[in-house]
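Side-chain atoms are counted along with the backbone in the values below, which use heavy atoms only and exclude waters and symmetry mates. Note that the numbering runs from 1 along the sequence shown for the chain.
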Amino acid sequence: MRNMNFPHQSEEVYGIRATRSRRKPFVLWRELIPAYLAPAIMAGIGGLVTADKVLQIRALTTIGGTSLLVALIVGLWLNSRGSRKRWVVGAPRVVVVGAFALAGALFGLFAAWGTPILLDLINPNHHWVWFDQIGFDFPLSGAIACTTMSWRWRASLTK
């Protein structure tokens, strides 16, 4: 029989409480897995569809690898110093993510400029096939990695 004086008696008996969803903590190694796999899989699918073997190699090396490296650098910085910077915590999420995406693209441009010079110093007679497109791969991968890492890091702070 239902008790009209205490309509929610099951809450007391079973300990059912309405809880807000807990925010997930930012765990760097869990964020690095999709940071590598997402761009590598998408570029790999493009390589399979177009039957471009060079794009398939670039998907696993320059595209996925650059994304992983930039995501690692940004994730380490966000974990160690990100919460101490007022503009990172206080600014709207879109502004922070846009700033990190721009920084990732600039880092990728700098890396794309310096990598062929460094490889020519190491081995001047060898031509690296998949490094012909790093001027496009590095900035795009850097921007994507910085965008996803900063977006997910900010999501772990506010909810």
Side-chain angles (χ1 to χ4, degrees), residues 19-85 87-159:
T19 61
R20 292 177 31 192
S21 63
R22 285 193 240 162
R23 64 178 183 213
K24 288 187 174 183
F26 184 81
V27 180
L28 184 60
W29 69 267
R30 278 194 311 213
E31 304 299 331
L32 291 178
I33 294 169
Y36 175 77
L37 288 179
I41 289 172
M42 294 306 294
I45 289 171
L48 287 174
V49 168
T50 61
D52 187 0
K53 298 286 185 189
V54 175
L55 180 56
Q56 293 173 10
I57 293 170
R58 285 176 32 222
L60 298 174
T61 56
T62 60
I63 295 171
T66 303
S67 180
L68 178 69
L69 182 65
V70 171
L72 176 66
I73 292 168
V74 170
L76 287 172
W77 186 85
L78 285 172
N79 271 342
S80 66
R81 296 192 182 135
S83 59
R84 289 187 244 148
K85 303 292 181 187
W87 71 271
V88 175
V89 176
R93 186 190 292 184
V94 175
V95 173
V96 172
V97 170
F100 273 97
L102 182 63
L106 290 174
F107 178 76
L109 280 172
F110 180 72
W113 169 76
T115 301
I117 296 171
L118 189 73
L119 287 175
D120 281 341
L121 290 173
I122 293 171
N123 194 354
N125 296 327
H126 188 73
H127 178 68
W128 304 89
V129 174
W130 55 86
F131 280 121
D132 290 339
Q133 297 292 323
I134 62 171
F136 179 74
D137 292 347
F138 283 6
L140 187 62
S141 295
I144 291 171
C146 285
T147 300
T148 57
M149 289 301 275
S150 60
W151 185 269
R152 293 176 66 99
W153 181 78
R154 274 298 297 265
S156 71
L157 291 181
T158 57
K159 267 196 182 182

Could you give the distance from [atom1] ([X]) to [atom2] ([Y]), rounded to the nearest 0.5 Å?
X: Leu69; Y: Leu32; atom1: CG; atom2: CG; result: 10.0 Å
X: Ser156; Y: Glu31; atom1: OG; atom2: CD; result: 8.0 Å
X: Lys53; Y: Leu48; atom1: NZ; atom2: CG; result: 8.0 Å
X: Thr62; Y: Leu55; atom1: OG1; atom2: CG; result: 8.5 Å
X: Leu78; Y: Arg152; atom1: CG; atom2: CZ; result: 13.0 Å

Can you name the nearest heavy-atom pair linking [X] to [Y], along with the distance?
X: Gly64; Y: Ala40; result: CA-CB, 4.2 Å
X: Gly75; Y: Leu28; result: CA-CD1, 3.6 Å
X: Ala59; Y: Gly44; result: CB-N, 3.4 Å
X: Val70; Y: Cys146; result: CG1-SG, 3.5 Å
X: Ile57; Y: Thr61; result: O-OG1, 2.8 Å
X: Ser67; Y: Ala35; result: OG-O, 2.6 Å

Keeping the roles fixed (side chain from [X], backbone from [Y]), state whether a donor-acceptor pair exists under 3.5 Å.
X: Thr147; Y: Ala101; value: no
X: Arg154; Y: Val88; value: yes
X: Thr148; Y: Ala145; value: yes
X: Thr115; Y: Ala112; value: no

Non-hydrogen side-chain atoms of [X] and [Y] separated by less than 4.5 Å:
X: Leu68; Y: Leu72; value: no
X: Leu119; Y: Asn123; value: no
X: Ile134; Y: Pro116; value: yes
X: Gln56; Y: Leu60; value: no
X: Phe100; Y: Trp77; value: yes

Within 6.0 Å of OH in Tyr36, more than 12 heavy atoms from elsewhere | yes
Look at atom CH2 of Trp87 and say whether more than 12 heavy atoms of other residues, nucleotides or ligands are closer to it than 6.0 Å.
-> yes
List the steps, then state whether side-chain contact (heavy atoms from CB on, under 4.5 Å) holds for Trp153 with Asn79.
-> CA-CA 8 Å; Trp153 181 78; Asn79 271 342; 4.2 Å; yes
